[in-house]
Amino acid sequence: MAAPKILAIGKTVQDVFLTSDEFDPHQEGKVMYTHLPLGLKMEVEHVTFGTGGNAGNVAVTLARQGVHASYMWTLGLDPASETILRELDHEGVDTSHVVQTNKYQAGYSTILIATNGERTILNHRGVSTGPRGTDLDFKAIAEADWVYPTSLANGGLDLLRKVIDYAEKNDTKVMLNPAGPELAEPEKLKTLLESVDILCVNKEEMQKLVHGETLEELVHHALNLVPVVIVSDGPNGVCASDGKTMVKAGMYEDVKVVDRTGAGDAFASGFLSQWVQGKSLKDSIVFASANSTSVVRYIGAKAGILHKNVKLHDMPLHEQPLK
Ligand SMILES: Nc1ncnc2c1ncn2[C@@H]1O[C@H](COP(=O)(O)OP(=O)(O)OP(=O)(O)O)[C@@H](O)[C@H]1O
Ligand SMILES: [Mg+2]
């Protein structure tokens, strides 16, 4: 079987991570990084450069897992855009659908990592295509087996609608793990779900779309909208269903969280990377969990992404036929 083709669409950024013992959310007497005083000059111990943006992170998990991964977006000639392209090329992501001209600019994020792995982000959003997806070659969607649109910047829901409509007309499947710009209007987002094949969101996000207190309730209700549903809840675990069985899983491993940037991307794309290769719901969830758990152990959204044939271990997990 030829490797499935997946097209990730959306904004990418260059990330600069600053780590310091001073970024301690709990310790009294330290400069609280949440209240940096005006005029402060503060030494930081470590700086790490990386690239991020949901769609780029997703493409790298897919590529490392042997899927034919393409990335489509608009980038500029700025150093951040060049770095992003170089890294994606190096990972084996097909970047032939990236439009690179001087009217665009990549995003740039400065990320302060707290000692507990949580983060504060100073974000420059860059300049990218707008609601109509000007300059993007929509034919690339028709050529793919799956499309994974996320973080469509100022294109927001209009562009998401256009991508999903185009996918539906061309029998391309859609995985949706919406980010901030798409979740800003949950009621409108809901109207798009009938053309979505897999929906993966965290608990709070799902509660904007359907009613429910527990992960199981949320999954049950969301199955009325989408055939495959996954709801994650950070270290508390995850619940998923494909309409046939329901998988409820706990934590893959209790690791020290160094930086949780990219956890959600690693989880959702980790799932898709296995699902499209014919793995079961359960095995896809185990890989998704392992991938995201690995990502939070390293600074940056991509450093911990698992490579092909990595050895996985069991995790607390319960599977039952759907009632
Ligand atoms: N503290 C943690 N320890 C271990 N694993 C974690 C932790 N936080 C997240 N993960 C892993 O990452 C997965 C996704 O995390 P989460 O449910 O927080 O998604 P998210 O809120 O969509 O993340 P993001 O903010 O990156 O979009 C979890 O299911 C889990 O496997
Ligand atoms: Mg998320």
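Note that ligands are numbered from 1 as they come in the structure, with each ligand's atoms numbered from 1 the same way.
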Fill in the blank from the handout: Using heavy atoms and a strict 4.0 Å limit, residues surrounding ligand 1 turn out to be N202, S232, D233, G234, P235, V257, R260, A263, G264, F267, S289, S292, T293

Exercise for the section: Verify whether the ring centers belonging to H313 and Y252 lie closer than 6.0 Å. Expected result: yes

Handout entry: Test item: D265 side-chain N/O and N57 main-chain N/O as donor-acceptor pair under 3.5 Å
Key = no

Exercise for the section: Indicate whether any N or O donor in one side chain lies under 3.5 Å from an N or O acceptor in the other, for T115 and D21. Expected result: no

Fill in the blank from the handout: The single option from E91, K302, R86 that satisfies side chain to side chain donor-acceptor pair (under 3.5 Å) with T51 is K302

Practice task
Using the ring of F287 (Phe, Tyr or Trp, six-membered ring only), decide whether K279 places NZ or CZ under 6.0 Å from its centre and within 45 degrees of its axis.
Solution key: no

Problem - Test item: side-chain donor near acceptor, N177 and T150, under 3.5 Å - result: no

